[in-house]
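A short worksheet on the structure shown next.
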Amino acid sequence: MLDFAIYEDAKTMFGESNLGLGPSVILSLAKSIPPGSCVYHDRYFTTVPLIEEMEKLNLHSTGTIMQNRIPDRATIKFKKDSAMRRGECQQFVCEPTVLVKWKDNKSVLLASNCTGLVTPRL
């Protein structure tokens with residue numbers, strides 16, 4: 001662990017809030033890490049604008065993401081879970097962001113600016 005912040009209540013400030021509370025927490029904590037570092041976060045923090053902002057800061061960023069946090073989700077046509085086999089993946093790329101849907105027992109959505117199905121971009 002390199003840094004942490006204790007969330008006390010809704011008045012806890014994490015700096016920039018134009019991207020929302022979750023991304024502002026990640027961006028605030030990311031100030032203490034060197035460029036080129038990899039940051040992993042869960043679906044409560046991940047948004048596509050966060051991934052794009054981390055790219056601007058030269059930080060590699062990967063996290064699980066909720067479907068409703070994908071801005072153009074109506075135009076991105078992932079297969080339905082019932083049409084996917086366990087272990088199957090789908091990927092959509094819109095530089096610098098890669099969205100991956102992976103099917104285990106349930107599906108998992110990932111957003112990243114540094115990795116996808118084929119080769120890492122580190």
Side-chain angles (χ1 to χ4, degrees):
M1 180 185 311
L2 185 62
D3 202 351
F4 69 95
I6 297 173
Y7 180 77
E8 296 177 26
D9 60 25
K11 295 177 186 170
T12 305
M13 296 303 294
F14 291 103
E16 289 293 318
S17 61
N18 61 338
L19 297 179
L21 178 61
S24 68
V25 170
I26 299 297
L27 291 170
S28 176
L29 294 172
K31 289 176 183 175
S32 62
I33 60 176
S37 296
C38 297
V39 179
Y40 299 93
H41 33 87
D42 73 13
R43 66 191 187 123
Y44 297 107
F45 300 92
T46 309
T47 64
V48 171
L50 170 65
I51 299 292
E52 293 167 346
E53 188 63 28
M54 296 289 274
E55 176 78 9
K56 291 176 191 172
L57 298 172
N58 193 25
L59 293 169
H60 304 293
S61 183
T62 300
T64 54
I65 188 169
M66 293 185 266
Q67 179 78 30
N68 65 354
R69 292 195 178 176
I70 300 172
D72 297 324
R73 62 186 171 274
T75 60
I76 297 174
K77 301 293 183 192
F78 284 114
K79 289 183 184 178
K80 292 185 179 185
D81 287 1
S82 59
M84 294 179 75
R85 298 179 324 275
R86 187 174 185 185
E88 186 176 353
C89 296
Q90 274 191 289
Q91 171 178 276
F92 288 92
V93 179
C94 183
E95 291 291 335
T97 305
V98 177
L99 296 170
V100 176
K101 181 176 183 178
W102 172 66
K103 175 76 186 289
D104 190 30
N105 291 328
K106 291 182 173 183
S107 64
V108 177
L109 286 172
L110 297 168
S112 180
N113 66 6
C114 60
T115 189
L117 289 179
V118 183
T119 56
R121 298 182 338 187
L122 300 174

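If you read the sequence from its start, that first residue is 1, and numbering goes on from there.
Scanning all heavy atoms of the two residues, the minimum distance from H60 to G36 falls at CD2-O, 3.0 Å. The two residues S32 and L29 have their closest heavy-atom pair at OG-O, 3.0 Å. The two residues V98 and G116 come nearest to each other via the heavy atoms CG1-CA, 3.9 Å. A pairwise comparison of heavy atoms in A111 and L99 identifies CB-CD2, 3.7 Å as the closest pair.
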Inset, instruction - Could you check C114 against T62 for side-chain contact (heavy atoms from CB on, under 4.5 Å), going step by step and ending with a plain yes or no? - result: CA-CA 7 Å; C114 60; T62 300; 3.5 Å; yes

Inset, instruction - Kindly indicate, with the supporting measurements, whether the criterion salt bridge (Lys or Arg N to Asp or Glu O under 4.0 Å) is fulfilled by D81 and K106. - result: CA-CA 7 Å; D81 287 1; K106 291 182 173 183; over 6 Å; no

Inset, instruction - I would like to know whether V48 and I65 meet side-chain contact (heavy atoms from CB on, under 4.5 Å); could you show each step before the answer? - result: CA-CA 9 Å; V48 171; I65 188 169; 4.1 Å; yes

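Rounded to the nearest 0.5 angstrom, K101 NZ and E88 CD are separated by 9.5 Å. To the nearest 0.5 Å, atoms CG (N68) and OG1 (T47) are separated by 11.0 Å. Residue I70 holds its CD1 atom at 12.0 Å from SG of C94, rounded to the nearest 0.5 Å. One distance of note links CD1 of I76 with CD of Q91; it measures 11.5 Å at 0.5 Å rounding.
Checked by atom type and distance alone, the side chain of R43 never pairs as donor or acceptor with a backbone atom of L110 at under 3.5 Å. Side-chain atoms of S107 never come within 3.5 Å of backbone atoms of K103 as a donor-acceptor pair (strictly under, hydrogens ignored). One N or O on the side chain of S37 and one on the backbone of P34 form a donor-acceptor pair closer than 3.5 Å.
With contacts defined as side-chain heavy-atom distances shorter than 4.5 Å, the pair E52/T97 qualifies. Inter-residue side-chain proximity for L109 and M66 is flagged as unmet; no heavy-atom pair is nearer than 4.5 Å. You'll find the side chain of K79 reaches within 4.5 Å of the side chain of Q90, heavy atoms only. Inter-residue side-chain proximity for M54 and V39 is flagged as met; some heavy-atom pair is nearer than 4.5 Å. Within the 4.5 Å cutoff, the side chain of S24 has no heavy atoms near those of the L19 side chain. Taking the side chain as every heavy atom from C-beta outward, L27 and L57 approach each other to under 4.5 Å.
Using a 4.5 Å cut-off between side-chain heavy atoms of Ile, Leu, Val, Met, Phe, Trp and Tyr, with links allowed through other members, M84 and V100 fall into different hydrophobic clusters. Taken together through direct or relayed side-chain contacts under 4.5 Å among Ile, Leu, Val, Met, Phe, Trp and Tyr, F92 and I51 form parts of separate hydrophobic clusters.
Side-chain contact check for S61 and N113: no donor-acceptor pair (N or O, by modelled atom type) lies under 3.5 Å.
With sequence neighbours excluded, the residues satisfying side chain to side chain contact (heavy atoms under 4.5 Å, CB included) with N58 are P35.
Within the structure, no pair that satisfies the ring pair (Phe, Tyr, Trp, His ring centres under 6.0 Å) test touches residues 24-59, not counting sequence neighbours.
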